There are 2 protein chains.
Amino acid sequence: MISVEEQLKSMKQQMISKGYKSTIQREATMRVLLEHERDHMSAEDVYMRVKTRFPEIGLATVYRTLELLTELHLVEKMNFGDGVARFDLRSEDHEHMHHHMICSICGEVEEIQDDWLSELEQRVKREYGFNVSDHRLDFIGTFSSCKHGDCHRHRENAS
Amino acid sequence: MISVEEQLKSMKQQMISKGYKSTIQREATMRVLLEHERDHMSAEDVYMRVKTRFPEIGLATVYRTLELLTELHLVEKMNFGDGVARFDLRSEDHEHMHHHMICSICGEVEEIQDDWLSELEQRVKREYGFNVSDHRLDFIGTFSSCKHGDCHRHRENAS
DNA sequence: ATGTTTAATTAGAATGATTATAATTTAATA
DNA sequence: TATTAAATTATAATCATTCTAATTAAACAT
């Protein structure tokens, strides 16, 4: 695990090397993302969190920063079908996008960190002549625990 | 292959059996979907197509109908991350949601009709105690043909 | 057939997420 | 330190989708 400061430095460098400027607003936004690595925050969520530390920031700036970071492949932009885009840091040890389990009882989104798709990607290439650069795999269903009343979300929130 | 009329009849029956009414607006919408089975139309697309035959229909009705059909599992609602929901008929020979290849050059969306995920769904169940009821698998990348200038989309449109 | 009941439709307004605009500020570089 | 282009701010605009109130039409019983 690399420290937050180091990760931040590396992200800033990537920004600068691509010709973008490093600003305090962008830094504040990245810091929030680093501190909520796997929270699936919406742009609004990120905005509110950044705002507690940097109250004069504008919503549009957060949107533009998230867009930029997505372009640089530093964050991933997700869509769970509820009309809001969600964002997570894309850590260097996970090149590919991870998979999700979305609970239809409690709405909780949990991640699968492994990459289960390498084989299928080769198959896509063989059978369809399609070169995969990224993927998105979501499972919709229910956690056994949720079905039995011991809801997953409650357990998480309790911690 | 079943005829459009027969499919329509079956869809109407499913509607009625669940306590919903069969109206001409719903029928017109279903007819458009049947005639564009794999076109990944947005609600607006569907609306415009229905409107040519049934000009007095309202956009909200199309939205509500698509929502209802999704609820009945007769259509699937998709999200390719461009901010618009897209809809396709869910034909009876394909219970599960099919997979997609999304070309980052031409934007074309092509389908994979097989189900490649049964194994992985069992694995999710085993390893995470998560019961999958549906899934979503999209590959992002490029068709070899597109990379070589002979764009996929052009070939499709020419037909 | 007709009337009754209740859901569905219409048109238009409202909402909510996201993007664009114009004026101002700031980071990077000379 | 001055210059220049990009970034930010605040606000307005846009786009997809949903809601609302009034009206219409399906389904069913009489």
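As the structure is a computational prediction, the values presented were derived from the model and not from experiment. Scope of the values below: all heavy atoms of this structure, side chains included, with no hydrogens, waters or symmetry mates. So that the names make sense, note that chain A is the first sequence line, chain B the second, and so on, each numbered from 1.
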Please check if any side-chain donor atom of R26(A) sits under 3.5 Å from a side-chain acceptor atom of T29(A), or the reverse. no
Salt bridge flag under 4.0 Å for residues K125(A) and E121(A): no
At under 4.0 Å between heavy atoms, what does E56(A) touch on the DNA or RNA strands: base, sugar-phosphate, or nothing? sugar-phosphate
DNA chain D nearest-nucleotide lookup for R86(B) and I24(B): closer to the 5′ end is R86(B)
Does dT18(C) have its OP1 or OP2 closer than 4.0 Å to a side-chain nitrogen or oxygen of Y63(A)? yes
I need the CD1-C1' distance between I16(A) and dA27(C), as an integer number of Å. 9 Å
Respond yes when some side-chain nitrogen or oxygen of R64(B) is under 4.0 Å from OP1 or OP2 of dT18(D), and no when none is. no
Between dT17(D) atom P and Y47(B) atom OH, what is the distance in whole Å? 14 Å
Distance in angstrom units between D82(B) CG and dT18(C) P, rounded: 13 Å
Do R38(A) and H98(A) touch side chain to side chain, with heavy atoms closer than 4.5 Å? yes
Contact class for S22(B) vs. all strands (heavy atom < 4.0 Å): base, sugar-phosphate, or nothing? sugar-phosphate
For the residue pair L69(A) and M15(A), establish whether any side-chain heavy-atom pair is separated by less than 4.5 Å. yes
N/O (side chain, Q25(B)) to phosphate O (OP1/OP2, dT10(C)) under 4.0 Å: yes
Which part of the nucleic acid does L59(A) contact within heavy-atom distance under 4.0 Å: base, sugar-phosphate only, or nothing? base
Checking salt bridge (charged side-chain N to carboxylate O under 4.0 Å, His left out) for the pair E5(B)/K9(B): CA distance, chi angles, key distance, verdict? CA-CA 6 Å; E5(B) 292 310 314; K9(B) 202 168 124 194; over 6 Å; no
Round to a whole Å and report the spacing from CZ of F54(A) to C1' of dT8(D). 9 Å
Protein-nucleotide distance (M30(B), atom CE; dA8(C), atom C1'), rounded to Å: 13 Å
Among the nucleotides dA7(D), dA8(C), dT17(D), whichever has the atom closest to the side chain of A85(B) is dT17(D)
Rounded interatomic separation in angstrom, taking NZ from K21(B) and P from dT5(C): 13 Å
Between C1' on dT19(C) and CD on E67(A), what's the gap in Å once rounded to a whole number? 9 Å
What is the separation between atom CG on N79(A) and atom C1' on dG16(C), rounded to the nearest whole Å? 15 Å
Which part of the nucleic acid, if any, lies within reach of A60(B) when heavy atoms closer than 4.0 Å are counted: base, sugar-phosphate only, or nothing? base
Does T23(A) reach a base, just sugar-phosphate, or nothing at all? Heavy atoms under 4.0 Å. sugar-phosphate
For DNA chain C, whose closest nucleotide is more 5', that of T61(B) or that of A43(A)? T61(B)
